[in-house]
Amino acid sequence: RAKSAGGNRFEVADPEADARAITRHGLTTALPTALENGEFFIEYQPLVHLGDGSVRGAEALVRWLHPQHGVLGPDRFIPLAEHTGLIVPLGRWVLEQSVRQAKEWRERNGGNGAGRAADPLRINVNLSPCQLTHPGLVQDTVEILERAGVAPDALCLEVTESALIGADDDLLKPLRRLAEMGVDIALDDFGTGYSNLANLRRLPVSVLKLDRSFTQGMQQFPADPVDLKIVEGIVSLAHSLKLTVTVEGVETGAQAEQLRLLGCDTAQGWYYARPGPPERLHELTLVDATG
Ligand code: C2E
Ligand code: MG
Ligand code: MG
Ligand code: MG
């Protein structure tokens with residue numbers, strides 16, 4: 001129902017937009033206590049080596065078990081957490097939980113003992129731009145790793161390409177510090193941010209996570225020759241800069257095979273496993289070890 005309010009002003013009532021605004025408002029008010037109430041939990045999605053199919057690590061993906069709305073994905077509440085500042089304590093909580101989880105996996109994997117995995121499992125954790133500008137980032141990360149007894153090279157922090165576009169030295173400084181300590185920095189959702197490829201040189205990143213949109217282009221076998229060329233070009237550029245290439249959103253064997261042939265190093269997606277509870281990773285590494 002549109003009503004005119006004099007002159008040229010029109011106001012359109014949109015019940016759906018209203019409902020969204022109400023939900024958003026409700027979530028925003030519930031957010032500050034959600035952390036204290038233990039309503040967040042983390043699912044882990046394995047990262048698989050394309051060459052030999054072994055599980056190399058996992059990405060931590062946060063979820064909110066809301067008392068009324070059930071399980072909410074990060075897209076529903078991360079923007080709100082960023083807006084309200086809760087992202088800093090929430091991000092710290094995710095990092096701490098994930099690093100402790102990595103410790104447990106590594107102990108189970110038995111390093112030199114049982115010696116099942118070629119390399120000890122690693123953990124990927126997403127960082128929001130707000131965490132990047134927070135002065136406690138480096139200190140918090142060091143403390144979390146030390147408390148858990150986990151080496152910095154077990155950790156990979158994922159930062160989106162768009163968060164680093166046009167980043168000045170002040171923004172890159174904490175990332176450089178972490179990289180010097182041995183923490184890997186991954187450029188997440190790469191290829192969506194229109195960044196200058198030459199810009200990659202000045203970023204302290206060691207991993208390129210190719211966005212799911214590229215993987216979607218590999219659904220046909222063989223894929224569109226232009227799509228193949230683009231990915232081939234990105235992979236060769238990344239490798240010449242000594243970056244590892246991870247692909248996200250692999251849903252089929254055809255995609256996995258084409259991305260492997262294009263030289264991508266690691267893959268993540270439903271074809272291997274959906275994000276799940278940490279126990280799932282025990283099963284997966286076990287299968288890999290015996291298979
Ligand atoms: P992301 O870091 O790019 O994570 C990958 C997303 O793709 C995840 O969505 C994952 O569940 C989904 N995915 C994985 N494999 C497939 C596949 O084969 N097909 C499809 N269609 N999707 C797949 P999710 O869990 O909803 O997370 C969305 C985004 O939320 C993440 O994107 C990340 O940017 C953000 N996020 C998640 N956890 C955290 C966190 O702890 N802190 C921050 N700051 N952001 C987080
Ligand atoms: Mg990510
Ligand atoms: Mg991603
Ligand atoms: Mg993504």
Side-chain angles (χ1 to χ4, degrees), residues 31 34-35 39-48 50 55 57-65 70-102 122-134 137 140-141 144 155-164 175 184-193 205 207-219 244-256 259 264 266-278 280-281 284:
L31 203 53
L35 192 56
E39 290 168 10
F40 292 105
F41 66 100
I42 302 172
E43 289 192 318
Y44 298 88
Q45 187 177 35
L47 286 149
V48 177
L50 274 166
V55 175
E59 178 173 6
L61 297 159
V62 69
R63 278 90 179 83
W64 180 6
L65 180 55
V71 176
L72 302 176
D75 292 335
R76 293 286 301 280
F77 62 84
I78 291 287
L80 299 177
E82 287 175 337
H83 196 68
T84 57
L86 186 81
I87 192 68
V88 171
L90 175 61
R92 204 187 291 130
W93 180 83
V94 172
L95 184 62
E96 176 121 50
Q97 297 298 309
S98 309
V99 163
R100 282 204 211 144
Q101 188 54 62
R122 311 176 73 253
I123 184 78
N124 283 37
V125 179
N126 293 286
L127 270 196
S128 127
C130 312
Q131 290 172 274
L132 269 187
T133 50
H134 186 264
L137 176 67
D140 287 349
T141 308
I144 285 171
L155 176 65
C156 177
L157 293 173
E158 301 193 358
V159 185
T160 60
E161 184 191 15
S162 52
L164 293 186
L175 288 183
D184 272 315
I185 310 291
L187 206 51
D188 204 353
D189 301 340
F190 182 80
T192 57
V205 297
V207 180
L208 212 68
K209 285 194 86 169
L210 212 55
D211 189 66
R212 184 150 54 89
S213 49
F214 292 101
T215 315
Q216 277 166 343
M218 304 288 141
Q219 247 147 13
T244 300
V245 179
T246 301
V247 286
E248 32 178 55
V250 176
E251 295 179 357
T252 68
Q255 289 171 324
L259 290 158
C264 298
T266 322
Q268 183 181 353
W270 298 346
Y271 174 63
Y272 303 100
R274 299 211 175 211
R280 281 291 314 281
L281 223 73
L284 286 165

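Every number for a ligand or one of its atoms is a count from 1 in the order of the listing.
Within 6.0 Å of OH on Y271 lie no more than 12 heavy atoms contributed by other residues, nucleotides or ligands.
A side-chain donor from one of E59 and N126 sits under 3.5 Å from a side-chain acceptor of the other. W270 and E251 share no donor-acceptor pair across their side chains, judged by distance under 3.5 Å alone.
Taking a 4.0 Å cut-off on heavy atoms, Q268 fails to register as neighbouring ligand 1. In this structure, R212 counts as a contact residue of ligand 1, since one of its heavy atoms falls inside 4.0 Å of the ligand. Under a 4.0 Å heavy-atom criterion, E43 is not in contact with ligand 1. Judged by the shortest distance from any of its heavy atoms, R63 lies inside the 4.0 Å radius around the atoms of ligand 1. Residue G73 places every heavy atom at 4.0 Å or more from ligand 1. Ligand 1 lies nowhere less than 4.0 angstrom from a heavy atom belonging to G91.
Listed by atom number, the atoms of ligand 1 under 4.0 Å from D188 heavy atoms are 1 (P), 2 (O), 3 (O). The contact set between ligand 1 and V250, taken as ligand atoms under 4.0 Å from a residue heavy atom, comprises 18 (O).
Among the atoms of T160, none of the N, O or S atoms falls under 2.8 Å from the Mg ion (ligand 2). At a cut-off of 2.8 Å, D189 does not coordinate the Mg ion (ligand 2) through any N, O or S atom.
With sequence neighbours left out, R76 forms a salt bridge (Lys or Arg N to Asp or Glu O under 4.0 Å) with no residue at all. Residues passing the ring pair (Phe, Tyr, Trp, His ring centres under 6.0 Å) test with Y44, sequence neighbours excluded: W105.
For atom 40 (C) of ligand 1, the choice among L61, V62, L90 with the nearest heavy atom turns out to be V62.
A salt bridge does not link E96 to R92: none of the charged nitrogens lies less than 4.0 Å from a carboxylate oxygen.
The closest approach of E59 to the Mg ion (ligand 2), by N/O/S atoms, is made by OE2. Looking at E158 and the Mg ion (ligand 2) together, the shortest N, O or S contact belongs to OE1.
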